[in-house]
Q: 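I have a structure I would like to understand better, so I am pasting it below and will then ask my questions one at a time.
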Amino acid sequence: LVGSEMCIRDRYILAGFLLSLSISSCIQDEALNVEAAIDSCTGTNIQSTTIDHLRKEIEVYVLDGTDISHQELIFTLPEGASIQAEEAETNDQPPLYDFSQRTLRTFIVTSEDGATQTKYLIRVNKLTLPTSYSFEELKEITPYNVFYLTNESGIMQWASGNPGYDLSGMALDETQYPTVQHPTGYSGKCVKLTTLSTGNFGKPIGMPIAAGNLFIGSFDTQNAVLAPLQATHFGFPFTKCPSKITGWFKYKAGEVFTDKSGNIVTGKKDKGDIYAVLYEAPSSDFSLDGNLFPNNGTGIDEHIVLLARISEQEMTETSEWTKFDLDFKPQNGKTINTEDLKNGKYKLAVVFSSSVMGAYFQGAVGSELWIDEVEIICED
């Protein structure tokens, strides 16, 4: 009996040992990360980056005059992942890469376990921010419209909340997003912004609507749900002193105004919004987010130096193209430092929205703002 008990005991010990080996093996197998992606891209002289996670494309913006033969690119990657240029240049010394011969280069991200590889196209743009904006050009991208502008400085891509709305699954094609191109503008084509319902996706999380918007800056899809205000990054570097913003608009308010919970607010009428700000950027990677007018839209961020914004009285409902002509006015008691302006220490943001309180998910489904032929007029 004693021998039998010892045999049973030994079998339990052996079984436990084998089980521990199995668990240890599973833990070791699961420890290697399978992700291969670029979460962010920064560098000492980078003014802004736009990452298209769908198409695996990254637009890097630097000021005109930057030496891009030694362009610093610091990548944030998943744990254990690595990155390298598909075709090395002679001057490459990571994290410094040579874009002087080819402004568009391919980089390969390899996951920690080595099983997954993802290719990213990275373009470095020397940008002098343009001051005249039509809305004729679209990037060849699905499923939603992405506006961009080409000039002698490179490519400026407009941002919008379309990538966030895509998460709702409400749009069946590119015409059913909040921000779309329309063939009939004041001159040529234009942008049409519409406040839409987010359906069963948005209401439970306090996002019952999505205002159509278009802005200079970038939109971070990864924060669209958890931190929607922080997902919006306004502005690109600007080295001129703006005095006016002009353009053409049409506007129609939706019938029923609702609050963040989707409840009807009686007696309240929706309004569109048109504004531009010049603000201080303490560092190249600093940008104002969707809360640049804090306190539920009644305040103003401390970094803003100049603001041009359409008034409620000027934002009238009209089916005819109507000109807006807005002066930039000083804010926060600030003045422009000419040396800082010359050195790219200020950023300009131009923003259009079909619902003035859209960033706080308040507005009327069906509100429409049409925008065309916008110009920033600057002092000599």
Side-chain angles (χ1 to χ4, degrees), residues 33-114 116-129 139 141 146 148 150 153-159 163 216-223 230-239 281-289 343-345 347:
N33 200 327
V34 300
E35 295 179 281
I38 297 176
D39 296 324
S40 69
C41 176
T42 59
T44 53
N45 64 341
I46 292 177
Q47 301 299 317
S48 181
T49 58
T50 299
I51 301 180
D52 187 332
H53 293 283
L54 181 66
R55 291 173 63 90
K56 304 296 185 291
E57 295 179 354
I58 300 178
E59 300 286 350
V60 176
Y61 296 92
V62 298
L63 286 175
D64 194 20
T66 300
D67 179 10
I68 59 174
S69 66
H70 293 84
Q71 177 60 51
E72 183 180 49
L73 297 179
I74 299 175
F75 301 102
T76 301
L77 307 174
E79 184 177 357
S82 60
I83 188 169
Q84 64 180 21
E86 184 177 52
E87 297 180 11
E89 293 285 353
T90 305
N91 291 335
D92 284 352
Q93 296 177 345
L96 303 179
Y97 298 91
D98 185 1
F99 282 82
S100 61
Q101 303 302 313
R102 293 178 294 153
T103 58
L104 181 65
R105 298 182 60 183
T106 301
F107 286 72
I108 301 174
V109 182
T110 304
S111 62
E112 184 181 34
D113 68 355
T116 305
Q117 288 191 327
T118 304
K119 288 187 178 183
Y120 279 80
L121 288 174
I122 300 180
R123 187 201 322 266
V124 174
N125 301 282
K126 286 187 172 184
L127 181 65
T128 301
L129 193 64
K139 289 192 72 174
I141 183 172
V146 176
Y148 75 102
T150 56
S153 301
I155 296 175
M156 189 207 84
Q157 179 174 306
W158 288 90
I216 291 177
S218 62
F219 185 82
D220 180 6
T221 312
Q222 294 177 320
N223 279 326
Q230 287 69 44
T232 305
H233 304 286
F234 288 128
F236 282 154
F238 200 62
T239 56
S283 61
S284 61
D285 60 351
F286 177 86
S287 63
L288 294 184
D289 60 24
N343 293 324
K345 299 296 184 181
K347 291 187 178 182

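Computed over heavy atoms, backbone and side chain alike; hydrogens, waters and symmetry mates excluded.
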Q: Report the C-alpha separation of Arg105 and Glu89 in whole Å, then their side-chain angles, then the decisive distance to 0.1 Å, and conclude whether the side chain to side chain contact (heavy atoms under 4.5 Å, CB included) test is met.
A: CA-CA 10 Å; Arg105 298 182 60 183; Glu89 293 285 353; 3.6 Å; yes

Q: Would a distance-only check, ignoring hydrogens and angles, find a side-chain to backbone donor-acceptor pair under 3.5 Å from Asp92 to Asp98?
A: yes

Q: Could you state the interatomic distance from NZ (Lys119) to CD (Glu57), rounded to the nearest 0.5 Å?
A: 14.0 Å

Q: Got a second to check how far Ile108's CD1 is from Thr118's OG1, nearest 0.5 Å?
A: 10.0 Å

Q: Are side-chain heavy atoms of Ile58 and Leu121 found at a separation under 4.5 Å?
A: no

Q: Could you tell me which non-hydrogen atom of Phe99 sits nearest to which non-hydrogen atom of Gln71, and how far apart they are?
A: CD1-CB, 4.1 Å

Q: What are the two closest non-hydrogen atoms of Pro78 and Ala37, and how far apart are they?
A: CD-O, 3.1 Å

Q: Is it true that atom NZ of Lys139 has more than 12 heavy atoms of other residues, nucleotides or ligands lying nearer than 6.0 Å?
A: yes

Q: Would Arg102 and Glu87 count as a salt bridge (charged side-chain N to carboxylate O under 4.0 Å, His left out) here? Give the steps.
A: CA-CA 11 Å; Arg102 293 178 294 153; Glu87 297 180 11; 3.5 Å; yes

Q: Between Thr49 and Glu59, is a side chain to side chain contact (heavy atoms under 4.5 Å, CB included) present by the stated rule, with each step listed?
A: CA-CA 6 Å; Thr49 58; Glu59 300 286 350; over 6 Å; no

Q: As a quick check of understanding, evaluate side chain to side chain contact (heavy atoms under 4.5 Å, CB included) for Ile38 and Ile83, giving each step before the final call.
A: CA-CA 9 Å; Ile38 297 176; Ile83 188 169; 3.7 Å; yes

Q: If you apply the rule salt bridge (charged side-chain N to carboxylate O under 4.0 Å, His left out), what do you find for Lys126 with Asp67, and how did you get there?
A: CA-CA 10 Å; Lys126 286 187 172 184; Asp67 179 10; over 6 Å; no

Q: Rounded to the nearest 0.5 Å, what separates atom CG in Leu96 from atom OG in Ser69?
A: 9.5 Å

Q: What are the two closest heavy atoms between Thr116 and Val34, and how far apart are they?
A: OG1-O, 3.3 Å

Q: Counting only heavy atoms from other residues, nucleotides and ligands, does the tally under 6.0 Å from CD of Gln84 exceed 12?
A: no

Q: Quick one: pull up CG in Asp39 and OG1 in Thr76 and give me the separation to the nearest 0.5 Å.
A: 6.5 Å

Q: To the nearest 0.5 Å, tell me how far Asn223 CG sits from Thr232 OG1.
A: 10.0 Å

Q: Under 4.5 Å between any side-chain heavy atoms of Leu73 and Phe107, yes or no?
A: yes

Q: Distance-only, no hydrogens or angles: does the Glu72 side chain make a donor-acceptor pair with backbone N or O of Gly43 under 3.5 Å?
A: no

Q: Evaluate whether atom CD of Gln101 has more than 12 neighbouring non-hydrogen atoms of other residues, nucleotides or ligands under 6.0 angstrom away.
A: no

Q: Is any side-chain heavy atom of Ile68 closer than 4.5 Å to a side-chain heavy atom of Thr103?
A: yes

Q: Could you tell me if the side chain of Ser218 sits less than 4.5 Å from the side chain of His233, heavy atoms only?
A: yes

Q: Working to the nearest 0.5 Å, report the span between CD1 of Ile122 and OH of Tyr120.
A: 9.0 Å

Q: Please give me the minimum heavy-atom distance between Cys41 and Val60, naming the atom from each residue.
A: SG-CG2, 4.4 Å

Q: Is Ile51 close to His53 at the side-chain level, that is, under 4.5 Å between some pair of heavy atoms?
A: yes

Q: Would a 4.5 Å heavy-atom cut-off, applied to side chains only, mark Phe219 and Pro163 as touching?
A: yes

Q: Show the nearest heavy-atom pair for residues Thr50 and Gly217, with the distance to one decimal.
A: OG1-O, 4.3 Å

Q: Are side-chain heavy atoms of Val146 and Trp158 found at a separation under 4.5 Å?
A: no

Q: Just by modelled atom types, is the Leu54 backbone N or O under 3.5 Å from a matching donor or acceptor in the Asp52 side chain?
A: yes

Q: Does a donor on one side chain sit under 3.5 Å from an acceptor on the other, for Thr110 and Gln117?
A: yes

